[in-house]
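Shown next, in structure tokens, is the structure this report addresses.
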Amino acid sequence: MNETVLIVHGLGGSGPDHWQTWLWQRLLERGVDVSYLDLPDPDEPELDAWLGVLEEELTRLGPDGLVVACHSLGAVTWLHLAARSDRRLAERVLLVAPPSAGAGVVEIAEFVPAPLDAEAVSRAAGSTRVVCSDSGDPYRPEGPELFEPLGVPIDVIPGGRHLNTDAGYGEWPAVERWCLDPGATPIGSR
């Protein structure tokens, strides 16, 4: 396997029981080249700081064979970077539970609304996929149709809420399969 996986956390980071931490450990055990990005000030994020760290890591890793798995505010950060970039950043990207301005969360106000630019998303990665719940996400009161302007596949998980630890997403084999197999779709539930 020639893939590298980059994991990008959201607001507050991803704790030890989060699916991203589980994914990182699983990929390491399989011998996959994996980077678990540590974004600055995860509880009080600043968009420019997060963009700088993400862009630096993407430059270090290079786009060839790069798979990116973003959660929550990390997904929004990806959308901002894609909108600002004029080059390919990765082969495949997964945007899990991106938040919206409708949530009214003060800590993410600088990040939302996310740019929903289909052309930029297409330019930034060979393929992009959104995974979100149908309802109950406290960080996105709108329905999955919010992401339709991106023109990418959207996997909707009934009752998935924010697809984080609180919603029961620790082990998530479907995301692991997606990271390892370009043809593994849709994501589905756990």
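For clarity, every value in this text was computed on a predicted model and none was experimentally measured. No hydrogens, no waters, no symmetry mates; every other heavy atom, side chains included, goes into these values.
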Pair Ile108-Val105, side chain to side chain contact (heavy atoms under 4.5 Å, CB included): steps then yes or no: CA-CA 6 Å; Ile108 68 171; Val105 177; 3.8 Å; yes
Mutual orientation of the aromatic rings belonging to His9 and Trp50 [parallel < 30°, tilted 30-60°, perpendicular > 60°]: perpendicular
Inter- and intrachain pairs under salt bridge (Lys or Arg N to Asp or Glu O under 4.0 Å), touching residues 20-34, at least two apart: Arg26-Glu176, Arg30-Glu176
Shortest non-hydrogen separation from Pro113 to Ala101 and the atoms involved: N-CB, 4.1 Å
Under 3.5 Å: donor-acceptor pair, side chain of Gln20, backbone of Ala69: yes
With Glu55 via side-chain hydrogen bond (donor to acceptor under 3.5 Å, both in side chains) - residues at least two apart: none
Under 3.5 Å: donor-acceptor pair, side chain of Ser133, backbone of Arg161: yes
Rounded distance [0.5 Å steps], OG1 in Thr128 versus CG in Leu94: 9.5 Å
Geometric class of the Tyr36/Trp24 ring pair [parallel <30°, tilted 30-60°, perpendicular >60°]: tilted
Side chains of Leu23 and Trp172 in contact at under 4.5 Å (non-hydrogen atoms): no
Pro98 side chain reached by His71 side chain, heavy atoms, under 4.5 Å: no
Close side-chain approach of Leu6 to Val67, heavy-atom, < 4.5 Å: no
Residues, nucleotides or ligands: over 12 heavy atoms within 6.0 Å of Glu142 CD: yes
N/O donor-acceptor pair under 3.5 Å between Asp155 side chain and Ile187 backbone: yes
Minimum heavy-atom distance between Leu11 and Tyr139, given as atom pair plus value: CD2-CE2, 4.4 Å
Any residue meeting ring pair (Phe, Tyr, Trp, His ring centres under 6.0 Å) with Trp22, in chain and number order, not counting sequence neighbours: none
Value rounded to 0.5 Å, distance of CG in Asp17 from CD in Glu171: 10.0 Å
Close side-chain approach of Leu95 and Val131, heavy atoms under 4.5 Å: no
Glu56, CD atom: more than 12 neighbouring heavy atoms under 6.0 Å: no
Close side-chain approach of Glu91 and Asp64, heavy atoms under 4.5 Å: yes
Donor-acceptor contact present, side-chain Thr21 to main-chain Gly15, <3.5 Å: yes
Any donor-acceptor N/O pair, Arg129 side chain to Ile154 backbone, under 3.5 Å: no
Within-4.5 Å side-chain heavy-atom neighbours: Val121 and Val93: no
Heavy-atom side-chain proximity of Arg60 to Ser35 below 4.5 angstrom: yes
Donor-acceptor pair between His162 and Ser72 side chains, under 3.5 angstrom: yes
Counterpart residues, side-chain hydrogen bond (donor to acceptor under 3.5 Å, both in side chains), relative to His80 (two or more places apart): none
Heavy-atom closest pair, residues Gly160 and Ala167: O-CB, 3.4 Å
Beyond-backbone contact of Val175 with Trp19, side-chain heavy atoms, under 4.5 angstrom: yes
Glu44, CD: over 12 other non-hydrogen atoms inside 6.0 angstrom: no
Donor-acceptor contact present, side-chain Asp41 to main-chain Asp43, <3.5 Å: no
Derivation of the side chain to side chain contact (heavy atoms under 4.5 Å, CB included) call for Phe147 and Cys132: CA-CA 9 Å; Phe147 307 113; Cys132 62; 4.0 Å; yes
Arg84 side chain vs Leu79 backbone, donor-acceptor pair below 3.5 Å: no
Cationic N near anionic O, under 4.0 Å, Arg123 to Asp86: no
Non-neighbouring partners of Thr165 that pass side-chain hydrogen bond (donor to acceptor under 3.5 Å, both in side chains), sequence neighbours left out: none
Minimum heavy-atom distance Arg88-Ser122, with the two atoms named: NH2-O, 3.8 Å
Those residues that, when tested against Thr77, pass side-chain hydrogen bond (donor to acceptor under 3.5 Å, both in side chains) (two or more places apart): none
Worked verdict on Asp38 versus Val53 for side chain to side chain contact (heavy atoms under 4.5 Å, CB included): CA-CA 8 Å; Asp38 187 19; Val53 170; over 6 Å; no
Shortest non-hydrogen separation from Ala83 to Ala120 and the atoms involved: CA-CB, 3.7 Å
Worked verdict on Val8 versus Trp78 for side chain to side chain contact (heavy atoms under 4.5 Å, CB included): CA-CA 9 Å; Val8 184; Trp78 174 268; over 6 Å; no
Electrostatic pair Asp134-Arg140, nearest N-O below 4.0 angstrom: no
Nearest atoms (heavy-atom pairs only) where Pro149 meets Ala118: O-CB, 3.3 Å
